[in-house]
Amino acid sequence: MEIIRKNKTKMKLWKINDYNPEISLLGGHNFFWKRINENEYISFHNEGGIYLYKSKGFWRAELLYGFLDIENYFQLDIDYDAILSTLSKDIVFKKPVSELRGLKLTSQPFFDVLISFIISSNNNINRIRKSVLDITKNYGAKQKNKIIDINNFPAPEKISNITAEELKEKTGVGYRAGYLTNSAKLFIKDKDDIINYKEDILVEKLKEFPGVGDKVADCVAIYSGRAQTFSPMDRWATKILYDVYDVDFKKYKDARKWWKMKFGKNASYAGQFLFEYYRRR
DNA sequence: ATGCAGGGTTCGC
DNA sequence: GCGAACCCTGCA
């Protein structure tokens with residue numbers, strides 16, 4: 001991969017090949033990006049702000065503040081072509097892959113994914129995004145940078161110190177407010193332990209957090225880059241798998257096994273293409 | 001206008 | 001293991 005270094009500032013620029021920010025960053029798996037215009041995006045994660053912009057036909061990313069690992073965040077080590085060509089052997093993926101080419105997953109900071117997907121339960125994408133933004137505006141800190149005025153998402157300590165009543169009043173997260181503050185507290189206590197787990201063990205640990213069931217646990221594990229062999233079973237996935245593959249799972253764990261058996265290491269990408277394709281119909 | 005679904009989870013039985 | 005309740009809002 002190409003790394004461009006500006007001589008004076010030592011700023012690292014990363015080239016993001018074969019990328020579609022619109023469907024990758026403003027869809028249903030990442031709620032921490034602001035679109036400035038069609039050629040510029042900025043993230044407001046607690047751990048860092050990435051500036052993504054199109055220049056001379058290529059998407060490039062640089063860190064504006066904080067300490068995010070951009071190579072890890074954009075999963076620059078994966079073989080995207082190999083994933084797509086493997087999936088495309090299945091007729092089901094012909095249209096999703098051709099129409100949504102450039103859709104990629106991100107490995108987001110663990111806590112940010114945890115909070116945003118606790119908000120996601122029995123909720124819709126527009127409202128999830130709005131709630132995340134409300135939390136950021138109310139409790140984040142201004143991050144000085146050369147592009148745009150922006151707050152970052154608050155740290156676990158910050159959220160743990162808000163009362164559920166206040167959070168509910170200011171952000172519209174509703175009955176999930178208590179889940180959020182208590183999960184933040186538990187995260188502070190358990191973070192050194194939990195971030196070392198992966199895949200099936202991680203999702204079981206994640207269910208100890210209030211507001212986290214099987215589906216949200218899958219989202220946190222996958223969208224933080226700690227699981228690849230399954231895909232979250234929400235209303236959409238359940239319907240899609242029933243309609244397309246004629247499968248219907250009695251137990252959630254059976255769904256995890258099915259994804260792994262059917263798609264192996266590509267399961268999370270498989271699910272993401274199906275979800276983003278069918279929810280746009 | 002009123003009813004319902006939205007990337008589910010919790011609680012009580 | 002099953003069903004109801006849940007904040008709120010856009011859209012039919």
Side-chain angles (χ1 to χ4, degrees), chain A residues 22-33 96 100 103-108 112-135 137-138 159 162-187 203-228 230-244 248-256 258-259 267-281:
Chain A
E22 183 78 29
I23 55 176
S24 299
L25 303 176
L26 304 180
H29 95 276
N30 192 322
F31 305 107
F32 294 88
W33 284 81
L100 300 177
L103 166 62
K104 293 184 186 178
L105 293 170
T106 42
S107 296
Q108 304 169 60
D112 294 4
V113 195
L114 175 65
I115 294 300
S116 59
F117 276 90
I118 289 173
I119 295 170
S120 79
S121 75
N122 191 24
N123 210 340
N124 60 63
I125 291 175
N126 286 336
R127 269 194 81 222
I128 300 162
R129 188 159 269 114
K130 184 180 178 300
S131 290
V132 170
L133 215 50
D134 283 346
I135 293 173
K137 282 176 181 166
N138 278 288
I159 292 183
I162 310 167
T163 64
E165 291 74 20
E166 184 192 327
L167 193 60
K168 182 175 175 180
E169 185 195 331
K170 290 197 175 176
T171 65
V173 295
Y175 62 91
R176 308 171 191 83
Y179 300 158
L180 297 176
T181 54
N182 287 327
S183 280
K185 285 172 187 158
L186 183 58
F187 177 79
V203 294
E204 288 314 306
K205 295 276 180 190
L206 275 165
K207 284 170 67 178
E208 294 170 11
F209 287 82
V212 177
D214 281 315
K215 187 270 176 185
V216 169
D218 282 8
C219 290
V220 177
I222 294 162
Y223 305 143
S224 68
R226 291 176 171 80
Q228 289 86 39
F230 44 81
S231 194
M233 291 300 291
D234 59 5
R235 314 170 186 236
W236 290 94
T238 304
K239 178 170 168 36
I240 292 166
L241 295 196
Y242 182 75
D243 290 349
V244 175
D248 185 16
F249 304 104
K250 294 278 181 291
K251 292 180 180 175
Y252 196 95
K253 280 186 178 178
D254 294 338
R256 287 205 188 101
W258 184 88
W259 283 107
S268 300
Y269 268 90
Q272 205 60 30
F273 271 95
L274 292 178
F275 173 80
E276 291 292 347
Y277 180 77
Y278 284 98
R279 84 176 179 87
R280 289 158 202 266
R281 300 288 105 182

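Labels below follow one simple rule: chain letters A, B, ... track the order of the sequence lines, proteins then strands, and each chain is numbered from 1.
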Enquirer: What class does the angle between the rings of A/Phe273 and A/Tyr269 fall in, given that below 30° is parallel, 30 to 60° is tilted and above 60° is perpendicular?
Expert: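 Tilted: the ring planes of A/Phe273 and A/Tyr269 meet at 30° to 60°.
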Enquirer: For A/Lys168, report the nucleic acid contact type (base, sugar-phosphate, nothing); a contact means any heavy atom under 4.0 Å.
Expert: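 It contacts sugar-phosphate atoms only.
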Enquirer: Out of A/His29, A/Gln108, A/Gln272, which one pairs with A/Tyr223 under the side-chain hydrogen bond (donor to acceptor under 3.5 Å, both in side chains) rule?
Expert: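 Between A/Tyr223 and the candidates, side-chain hydrogen bond (donor to acceptor under 3.5 Å, both in side chains) is satisfied uniquely by A/Gln272.
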Enquirer: Decide yes or no for A/Phe31 and A/Leu26: does some side-chain heavy atom of the first lie under 4.5 Å from some side-chain heavy atom of the second?
Expert: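 The answer is no; the side chains never approach within 4.5 Å.
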Enquirer: Does this structure show an ion pair linking A/Asp134 with A/Lys130, if we count only N-O contacts that are shorter than 4.0 Å?
Expert: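 Looking at A/Lys130 together with A/Asp134, the answer is yes, because their closest N to O distance falls below 4.0 Å.
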Enquirer: Is there ring stacking between A/Phe275 and B/dG7, where the centres must be under 5.5 angstrom apart and the planes under 30 degrees?
Expert: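 Aromatic stack with B/dG7 present for A/Phe275.
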Enquirer: Among C/dC7, B/dG7, B/dT9, which nucleotide has an atom closest to any side-chain atom of A/Glu276?
Expert: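 Nucleotide nearest to A/Glu276's side chain: B/dG7.
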Enquirer: Do A/Asp218 and A/Tyr252 have side-chain atoms, one donor and one acceptor, less than 3.5 Å apart?
Expert: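 Note: A/Asp218 and A/Tyr252 side chains meet the donor-acceptor criterion.
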Enquirer: Provide, to the nearest angstrom, the distance between the OH atom belonging to A/Tyr175 and the C1' atom belonging to B/dG6.
Expert: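 The distance from OH of A/Tyr175 to C1' of B/dG6 comes to 10 Å, rounded to the nearest Å.
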Enquirer: For A/Asn126, answer base if it contacts any base atom (sugar-phosphate contacts may also be present), sugar-phosphate if it contacts only those atoms, and nothing otherwise; contact means non-hydrogen atoms under 4.0 Å.
Expert: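 Result for A/Asn126 = nothing.
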Enquirer: Do the side chains of A/Arg256 and A/Asp214 get close enough for a salt bridge, i.e. N-O under 4.0 angstrom?
Expert: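 Yes, this pair counts.
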Enquirer: Check the distance between C/dT9's C1' and A/Arg129's CZ and give it to me in whole angstrom.
Expert: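 Distance check: A/Arg129 CZ to C/dT9 C1' gives 16 Å.
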Enquirer: So what does the secondary structure string of DNA chain C come out as, 5' to 3', with Watson-Crick or wobble pairs under 3.5 angstrom, [ ] for crossing and | for pairs with another strand?
Expert: ||||||.|||||
Enquirer: How far, in whole Å, is B/dG7 from C/dC2 if one measures between their C1' atoms?
Expert: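 Approximately 23 Å lies between the C1' atom of C/dC2 and that of B/dG7.
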Enquirer: Start with the C-alpha gap between A/Thr163 and A/Thr181, add the side-chain angles, then the distance that decides, and say whether side chain to side chain contact (heavy atoms under 4.5 Å, CB included) holds.
Expert: CA-CA 7 Å; A/Thr163 64; A/Thr181 54; over 6 Å; no
Enquirer: Looking for any heavy atom pair under 4.0 Å, which part of the strands does A/Tyr223 touch: base, sugar-phosphate only, or nothing?
Expert: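 Base contact.
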Enquirer: Write out a two-atom table: protein N or O, nucleotide N or O from nucleotides 10-12 of chain B, distance below 3.5 Å.
Expert:
{"residue": "B/dT10", "atom": "OP1", "partner": "A/Gly211", "partner atom": "N", "Å": "2.9"}

Enquirer: Nearest whole Å is fine: how far is C/dC6 C1' from A/Ile119 CD1?
Expert: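 Interatomic distance, CD1 of A/Ile119 to C1' of C/dC6: 15 Å.
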Enquirer: Establish, yes or no, whether the cationic atom of A/Arg281 lies under 6.0 Å from the six-membered ring centre of A/Tyr277 and within 45° of the ring axis.
Expert: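 Yes, A/Arg281 and A/Tyr277 form such a contact.
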Enquirer: Could you tell me the separation between the CD1 atom of A/Ile125 and the P atom of B/dG6, rounded to a whole number of Å?
Expert: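 Rounded to the whole Å, the gap is 11 Å.
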Enquirer: Mind checking if A/Glu169 touches a base, just sugar-phosphate, or nothing, with heavy atoms under 4.0 Å?
Expert: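 No contact.
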Enquirer: Taking atom P in both B/dT2 and C/dC7, compute the distance separating them and give it to the nearest angstrom.
Expert: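 Their P atoms lie roughly 23 Å apart.
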Enquirer: State whether the distance check finds a donor on one side and an acceptor on the other, under 3.5 Å, for side chain A/Tyr252 versus base B/dG8.
Expert: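 Such a pair does not exist between side chain and base.
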Enquirer: Is a donor-acceptor pair below 3.5 Å formed from side chain A/Arg176 to base C/dC7, judging by atom type as modelled?
Expert: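 Indeed there is one.
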